[in-house]
Amino acid sequence: MSIHYVCRYCGTKIGTIENKIIDYETLGFHKLTESERMNMIQYEPDGNIQVKSICEDCHESFTINPSNYEHDYIIH
């Protein structure tokens, strides 16, 4: 099982945790609401998990231009 972190706005691969058994508390998933978990965590048929997060470039872009939050994605 792998956990893949991907930017929800631009699709950039942020990082991967490979072949480790890690519980929800270690990853901090237990602090998310049910709605946040549904929006951020996707279980793939092969057993991997994809977590939608935000990359440094998009975070910087939002810091400079907060109106970018109105869009579902950003093209770099």
Side-chain angles (χ1 to χ4, degrees):
M1 173 184 85
S2 296
I3 302 170
H4 303 282
Y5 286 83
V6 178
C7 181
R8 70 171 50 251
Y9 298 102
C10 69
T12 297
K13 182 178 175 182
I14 299 169
T16 299
I17 300 173
E18 304 242 7
N19 300 322
K20 300 250 182 194
I21 299 176
I22 301 174
D23 62 21
Y24 266 37
E25 287 189 28
T26 302
L27 295 170
F29 293 167
H30 68 290
K31 293 186 178 186
L32 301 173
T33 66
E34 184 65 28
S35 176
E36 290 170 331
R37 276 192 291 273
M38 300 241 344
N39 287 327
M40 293 179 66
I41 303 170
Q42 179 180 354
Y43 297 91
E44 299 173 352
D46 60 3
N48 292 331
I49 299 172
Q50 182 179 45
V51 180
K52 295 178 185 172
S53 188
I54 185 169
C55 70
E56 291 180 21
D57 290 336
C58 288
H59 181 267
E60 183 179 334
S61 175
F62 291 143
T63 301
I64 294 168
N65 189 358
S67 67
N68 283 343
Y69 280 109
E70 298 171 8
H71 308 287
D72 290 335
Y73 64 91
I74 297 176
I75 299 173
H76 287 280

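Just so you know, these numbers come straight off a predicted model, no measurement behind them.
To the nearest 0.5 Å, the span separating CD1 on I14 from SG on C55 amounts to 6.0 Å. Atoms CD and SG, on E56 and C7 in that order, are 11.0 Å from each other to the nearest 0.5 Å. The line from CD1 of I49 to CD1 of I17 is 9.5 Å long, rounded to the nearest 0.5 Å. In this structure, E36 CD and F29 CZ are separated by 12.0 Å, a value rounded to the nearest 0.5 Å.
Partners of K31 according to the side-chain hydrogen bond (donor to acceptor under 3.5 Å, both in side chains) rule, which considers only residues two or more places apart in sequence or in another chain, do not exist here. Scanning for side-chain hydrogen bond (donor to acceptor under 3.5 Å, both in side chains) contacts around E34 gives R37, with sequence neighbours left out. Partners of N48 according to the side-chain hydrogen bond (donor to acceptor under 3.5 Å, both in side chains) rule, which considers only residues two or more places apart in sequence or in another chain, are D46. Scored by the side chain to side chain contact (heavy atoms under 4.5 Å, CB included) test, E60 finds I64 as partners (sequence neighbours excluded). With sequence neighbours excluded, the residues that form a side chain to side chain contact (heavy atoms under 4.5 Å, CB included) with T26 are I22, D23. The side chain to side chain contact (heavy atoms under 4.5 Å, CB included) search around V6 returns Q50, not counting sequence neighbours.
Counting heavy atoms from C-beta on, the side chains of M40 and L32 come closer than 4.5 Å. Between H4 and V51 there is no side-chain heavy-atom pair separated by less than 4.5 Å. Residues T16 and Y5 fail the side-chain proximity criterion, which asks for heavy atoms closer than 4.5 Å.
S61 places no side-chain N or O within 3.5 Å of a backbone atom of D57 that could act as its donor or acceptor partner.
Listed here is the closest heavy atom pair of S2 and E18: OG-OE1, 3.4 Å.
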